Amino acid sequence: MYLLKHYLVNQETSLIKGEYNQYGKLCSRILEGRKTFLVECSPIKLLDETLKFNGFDYKGATIGAKSILRKNSMCPIVLNQALGICMFPINSPDKHDNIWFNPDHIVQTFPYGSKTDVELSNGVIIRVNLTLTTFNNKLQVAHQYRKITHNRGRLTMTMILEAKKEPVVIKKEKGHYNFDKMKRDDD
């Protein structure tokens with residue numbers, strides 16, 4: 001079994017799943033392309049480390065997602081807005097068997113009784129214990145959230161400044177200056 005001490009989620013990461021190693025420690029199973037390996041930390045810790053690499057953290061990412069999406073739980077998070085890397089959980093992120101999917105790697109979904117088969121960009125099909133409608137709703141919310149954050153990142157702020165008329169100090173005939181015109185509006 002291939003085991004890594006550190007890993008950052010990237011554009012090739014298809015999914016992250018919690019999995020216990022032979023010593024009973026919760027690790028992260030990564031599917032990247034056709035490769036799979038374990039990372040020596042929980043999925044939430046892995047996501048937090050990736051976010052911290054980009055100047056954010058897991059807590060802030062979840063609070064932001066909840067605020068923007070007006071949802072209380074199981075929100076997708078954007079790990080790297082510039083690269084458009086987003087992941088969404090299919091269950092509570094605190095559950096050890098939760099799977100985080102990257103919506104960019106989901107090619108198609110199929111019903112399988114009351115479960116869903118998820119075809120990934122590498123040709124792998126993962127069966128998840130959610131109905132097709134429930135899974136597709138989560139997928140749609142993830143796409144929507146990534147689009148919202150992308151568009152907000154592209155917003156430019158336009159400021160319109162009015163030219164402030166500065167008071168003119170006039171020299172009177174007798175050599176005196178009239179500073180009365182310099183009184184401020186708030187005086």
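Computed over heavy atoms, backbone and side chain alike; hydrogens, waters and symmetry mates excluded. Small disclaimer: the values here were computed from a predicted structure and weren't measured.
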Derivation and outcome, side-chain contact (heavy atoms from CB on, under 4.5 Å), residues D117 and T109: CA-CA 6 Å; D117 284 349; T109 57; over 6 Å; no

Pair listing, side chain to side chain donor-acceptor pair (under 3.5 Å) test, anchored in residues 91-103, at least two apart: none

Side-chain ion pair, D57 and K52, N-O less than 4.0 Å: no

Reported CG-to-SG distance for the pair L4 and C41, which is rounded to 0.5 angstrom: 10.0 Å

Worked verdict on L26 versus E19 for side-chain contact (heavy atoms from CB on, under 4.5 Å): CA-CA 6 Å; L26 181 59; E19 183 177 313; 5.8 Å; no

Atom CG of N151 with >12 non-hydrogen neighbours under 6.0 angstrom: yes

Geometric cation-pi criterion, R127 with Y112: 6.0 Å, 45°: yes

Distance in Å, T50 OG1 paired with L8 CG, rounded so as to fall on 0.5 Å steps: 4.5 Å

Ring-ring centroid check F135 F88, cutoff 6.0 Å: yes

Cluster check V9, L31: I/L/V/M/F/W/Y, side chain < 4.5 angstrom: no

Residues, nucleotides or ligands: over 12 heavy atoms within 6.0 Å of Y20 OH: yes

Spacing of CZ belonging to F110 relative to CD1 belonging to I125, to within rounding of 0.5 Å: 6.0 Å

Within the 6.0 Å centroid threshold, strictly below: Y7 and F37: yes

Carboxylate-amine/guanidinium contact K59 D48, below 4.0 Å: no

For C75 against K66, the heavy-atom pair lying closest together: SG-CG, 3.7 Å

L38/I30 under side-chain contact (heavy atoms from CB on, under 4.5 Å): CA gap, chis, key distance, verdict: CA-CA 6 Å; L38 275 181; I30 306 295; over 6 Å; no

Exam field: side chain T134 to backbone L130, donor-acceptor pair closer than 3.5 Å: no

